[in-house]
Structure formats: structure tokens, C-alpha cells
Amino acid sequence: MSRPGPPSRTTAVRPGPGDAAPAGHRRFLIRGQLRRPLALTVADLRERWPQRRAAVVFDCATNGPRHHTFEGPLLREVIDAAGPAFDARRRKDRSRYLLAVTGGDGHHAVLSWAELDADFGDAPVLLATAMDGRALDEAGSQLVVPSDRCGARYISALTGIWFGTCALPELPHDLSPGRGVGRF
Ligand SMILES: Nc1nc2c(c(=O)[nH]1)N[C@H]1C(S)=C(S)[C@@H](COP(=O)(O)O)O[C@H]1N2
Ligand SMILES: [Mo]
């Protein structure tokens with residue numbers, strides 16, 4: 001005998017991007033000023049790009065030093081596949097772009113494209129597919145910034161990367177000495 005009752009929450013709640021997918025099939029989104037935004041699983045990161053390895057040490061104010069070995073593609077190559085909106089032939093144009101990287105708990109941090117770009121900082125920043133030999137399909141990808149001494153940008157359980165430029169705040173018209181300095 002069926003009992004009347006409230007509809008099950010699973011039919012009433014609309015899942016957010018990837019929420020309903022089983023762990024390991026969750027996608028994180030690469031969006032922003034891109035010609036081909038991407039929704040990727042950790043398996044996609046492993047299969048579609050060459051894998052690099054980085055042995056890193058990073059430090060946390062509360063936890064002390066951490067030693068890990070990560071594998072995964074270069075973030076630069078993944079963003080390249082998404083078709084950045086800049087003029088690739090012009091270094092000055094490339095130098096204006098930012099990436100905001102977000103974890104599942106809301107922790108986020110920014111990188112500049114120039115940190116990654118081979119003509120500027122050339123940092124081998126990875127989107128990890130494995131940590132210390134264990135696949136990250138269940139946990140989610142992790143940002144790896146080998147040149148960072150602090151752990152804050154080793155963002156785990158990635159849910160998204162935004163790529164683009166920021167509009168500068170408008171400058172006041174009056175820039176005479178002593179006027180407005182410190183307010184812009
Ligand atoms: N998603 C997420 N990633 C994060 C953080 C966080 O709060 N959320 N904290 C960062 C900081 S401040 C440090 S020091 C390292 C700590 O890494 P551990 O947990 O492996 O020691 O994770 C980084 N990645
Ligand atoms: Mo930290």
C-alpha cells in the first residue's frame with residue numbers, strides 16, 4: 001500500500017553543476033573569456049594532456065611543511081585548449097589576464113596568466129590528477145604551484161577556474177599632487 005507524503009527531496013532539488021554525478025565523474029568548469037569553455041573530470045585531465053610530475057614542499061602557518069609529489073597537466077596547456085580570448089601574438093595583451101581558482105569549500109585564489117606564460121614567469125603550475133601516487137578522481141583535482149613557498153594556492157577539490165581580464169576602477173579626473181592620492 002502506498003502512503004501519501006511529501007515528494008522526495010531528490011525530485012524537488014535541482015542539483016548544481018556536477019553535484020549529482022558520482023564522485024570521480026564530477027566536472028569542474030573552466031569559464032570566462034574563452035572561445036571553448038571546458039567542463040572536465042580528473043580522467044579528462046589525465047587522458048587529454050601530457051602528464052608532468054612535480055616534487056614540492058610547501059609550508060602552512062598552522063601545519064608546518066608538507067612534502068608531496070603531484071602528477072598532472074600544465075594549467076597553461078589546459079587553458080590554451082580552452083581558447084583564451086587574448087591575441088596570442090602580443091605579449092602585452094597576454095599580460096592583462098588573470099585566473100581565479102576555486103575549491104569545493106569556497107577557498108579561492110588568483111594567478112596571473114603571466115606567471116604561467118613561457119615568455120614571462122614560465123611557472124610549471126599543474127592541475128593534479130594524482131598526489132603521492134594516488135589518483136585524485138574521487139577527491140578532485142588540485143592546483144599545484146611549485147614555485148610557491150606557502151600552501152595557500154595548492155587549492156584542493158577544484159570546482160572551477162575563471163579566466164579573463166578585470167576592468168580597472170575609473171581614475172579620478174583630478175590627479176594634481178595632494179588631491180585624491182590614496183583613494184584610487
Ligand atoms: N580547497 C581548499 N584547498 C586548500 C585550502 C583550503 O582551505 N581549501 N587551504 C590551503 C592551505 S592554506 C594550505 S597550507 C594547504 C594545506 O594542505 P594540506 O591540507 O595537504 O596540509 O592547502 C591549501 N589548499
Ligand atoms: Mo595554509
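These values consider heavy atoms only, across backbone and side chains, with no hydrogens, waters or symmetry-generated copies. Counting convention: from 1, in listed order, for ligands and their atoms alike.
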For atom 7 (O) of ligand 1, tell me which residue out of Leu158, Asp59, Asp105, Leu143 has the closest non-hydrogen atom.
Asp105

Are the side chain of Arg149 and the backbone of Asp59 linked by a donor-acceptor contact shorter than 3.5 Å?
no

Pull out every atom of ligand 1 sitting under 4.0 Å from any heavy atom of Phe58, numbered as shown with elements.
15 (C), 16 (C), 17 (O)

For Phe86 and Trp113, what are the C-alpha separation, side-chain angles and deciding distance, and is it a ring pair (Phe, Tyr, Trp, His ring centres under 6.0 Å)?
CA-CA 11 Å; Phe86 51 49; Trp113 172 262; 5.4 Å; yes

So which protein heavy atom does atom 24 (N) of ligand 1 come closest to, and at what separation?
Tyr154 O, 2.8 Å

Under the side chain to side chain contact (heavy atoms under 4.5 Å, CB included) test, which residues partner Asp105, sequence neighbours left out?
His107

Looking only at protein heavy atoms, identify the closest one to atom 18 (P) of ligand 1 and say how far it is in Å.
Arg66 NE, 3.9 Å

Answer with yes or no whether Ser156 contacts ligand 1, where contact means a heavy atom under 4.0 Å from a ligand atom.
yes

Protein contact to atom 12 (S) of ligand 1 [nearest heavy atom, distance to 0.1 Å]
Ala152 CA, 3.6 Å

Minimum side-chain heavy-atom gap His68-Tyr154 below 4.5 Å
no

Ligand 1 to His107 polar contact by distance, N or O atoms, under 3.5 Å
no

Residue that, paired with Glu71, satisfies salt bridge (Lys or Arg N to Asp or Glu O under 4.0 Å) out of Arg53, Arg134, Arg52, Arg46
Arg53

Atom 11 (C) of ligand 1: closest protein heavy atom, distance to 0.1 Å, is Gly151 O, 3.5 Å

Tell me whether Arg35 contacts the main-chain N or O of Ala82 through its side chain, where contact means a donor paired with an acceptor under 3.5 Å.
no

Distance from atom 14 (S) of ligand 1 to nearest protein heavy atom, with residue and atom:
Cys60 CB, 3.0 Å

Any side-chain to backbone donor/acceptor pair from Asp122 onto Asp117? Under 3.5 Å, distance only.
no

